[in-house]
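One-based numbering, in listed order, for ligands and for the atoms of each. Just so we're clear, the structure is a prediction, and the values are computed from it rather than from any experiment. All values below come from the heavy atoms of this structure, side chains included, with hydrogens, waters and symmetry mates left out.
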Amino acid sequence: MMAGDSEMLELVVEAVRPLTSAIKAFVLRSAHGGALPPYTPGAHLGVQVVQPNGRVGQRAYSLVAPHAEGCSYEVAVLHEPRGSGGSAWMHGLKPGAVVTAQPPRNDFALRTGSVPPLLIAGGIGITPLLCMARALAAEGRAFDFFYATRSVGDAAYLEEARALGATIVHDGGDPARGLDLRAALSAPQPGRHLQVCGPKGMVQAAVNLARDLGWPDDHVHCELFAGALEQEGDVPFEVRTLRSGKTLTVSAHQSLLDVLIAAGVDPLYDCRQGDCGVCAVAVEEGVPDHRDHNLSAREKAEGRTICICVSRAKTSHLVLDI
Ligand code: FES
């Protein structure tokens, strides 16, 4: 059950545009005409997708352009063949299709202070940062912008980012040739905010380095894109639900949350990316593999609570009080 469910939007796909061989942009308008709810840069749309098992799941896709009075929403979706099927479903949408979505919400708001902000994007993580850069440019405000991808062919919105003054880096699959984070983060200043979005490794490296270099915690803001939550080497595990009496298998490419929802358990959740803590559940047996940013180091070490949207198991099974 989505925490804070608000009125859902019915949106019609107005246009689908390939950005790379694996990324498509979707332009969405209200299926009933009229204005769409406004949002601020960094916001995402919670789109309901149909998974291969027929169950409905929700995926968060960042809005790539600042809100313009009442018009349309644009999101971009990376097809993840090893994912749980949501991106494949999105890529199958054609103009005229109708989708349901939660109104935009923002867990990654653009913070600006007395000094130009630093925007760092990796891969499909460009989407919220492009929106921020466009908003800042429209207001005539300065910012520093870096965009790292594997290659030109993998880079969505490359020309748009370049036109906004982004420094573009292609690592060719070799992180050693990637963005020089140390140089980019080298000058923390009061009032200078860092906004970073991309794959987990890059985001974690940027956040850790920023701390080491003296960036205050409240000046560092990050978001992972959904696919970043999967890790190389993930294996299936079993989960038993005490209150609802189910025994389920979570495959390497599924989240615990999606498996519980698909099985008819009604867990509470919100951000789906380990930030809010709404999905935290008590662990009765087994050892969680914590991947959230919400639980404290002590809570993680105790292992009695798990954020089911992103975390997995270090043991072959977990027993949860749900
Ligand atoms: S839903 Fe927000 S931490 Fe899991």
Side-chain angles (χ1 to χ4, degrees), residues 1-6 8 39 42-49 51 55-62 83-87 100-109 125 128 196-200 203-204 207 217 220-231 234 237 239 241-244 248 250-284 286-314 318-322:
M1 176 172 43
M2 237 347 250
D5 255 356
S6 44
M8 301 297 276
Y39 58 89
H44 65 262
L45 204 56
V47 180
Q48 293 200 338
V49 299
Q51 299 168 137
R55 300 276 185 172
V56 173
Q58 186 164 297
R59 298 294 180 272
Y61 298 119
S62 295
S84 51
S87 64
T100 305
Q102 285 226 313
R105 59 169 279 171
N106 201 338
D107 299 321
F108 183 48
V196 54
C197 180
K200 184 170 181 158
V203 170
Q204 241 162 22
V207 170
D217 280 351
V220 175
H221 317 284
C222 67
E223 188 166 75
L224 299 171
F225 64 84
L229 301 172
E230 272 188 37
Q231 289 181 16
D234 281 347
F237 62 96
V239 60
T241 62
L242 271 189
R243 284 191 240 169
S244 42
L248 307 161
V250 182
S251 79
H253 308 304
Q254 287 174 302
S255 74
L256 182 44
L257 175 64
D258 280 339
V259 168
L260 293 174
I261 293 172
V265 182
D266 197 17
L268 265 180
Y269 64 94
D270 194 351
C271 72
R272 295 191 75 120
Q273 59 170 22
D275 287 334
C276 69
V278 167
C279 68
V281 166
V283 178
E284 299 296 328
V287 180
D289 180 0
H290 296 290
R291 298 184 183 182
D292 64 279
H293 311 285
N294 181 273
L295 299 179
S296 68
R298 207 182 80 200
E299 286 172 314
K300 287 181 179 175
E302 288 172 352
R304 291 205 288 266
T305 309
I306 183 171
C307 286
I308 56 173
C309 63
V310 292
S311 296
R312 300 182 63 83
K314 287 184 174 165
L318 289 178
V319 179
L320 303 181
D321 184 17
I322 188 170

Please walk me through it: do R59 and D258 pass salt bridge (Lys or Arg N to Asp or Glu O under 4.0 Å)?
-> CA-CA 11 Å; R59 298 294 180 272; D258 280 339; 3.4 Å; yes
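- Here the closest non-hydrogen pair linking S62 and E223 is OG-OE1, 3.8 Å.
- Interatomic distance, CG of D234 versus CD of Q254, reported as 12.0 Å (0.5 Å rounding).
- Around atom 4 (Fe) of ligand 1, the protein contributes the following N, O or S atoms at distances under 2.8 Å: C279 SG, C309 SG.
- Considering all non-hydrogen atoms of both residues, L295 and T305 come closest at CD1-O, 3.6 Å.
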Evaluation steps, side chain to side chain contact (heavy atoms under 4.5 Å, CB included), between L256 and L320 = CA-CA 11 Å; L256 182 44; L320 303 181; 4.1 Å; yes
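- Side-chain atoms of F237 and L318, non-hydrogen and from C-beta on, do get closer than 4.5 Å to each other.
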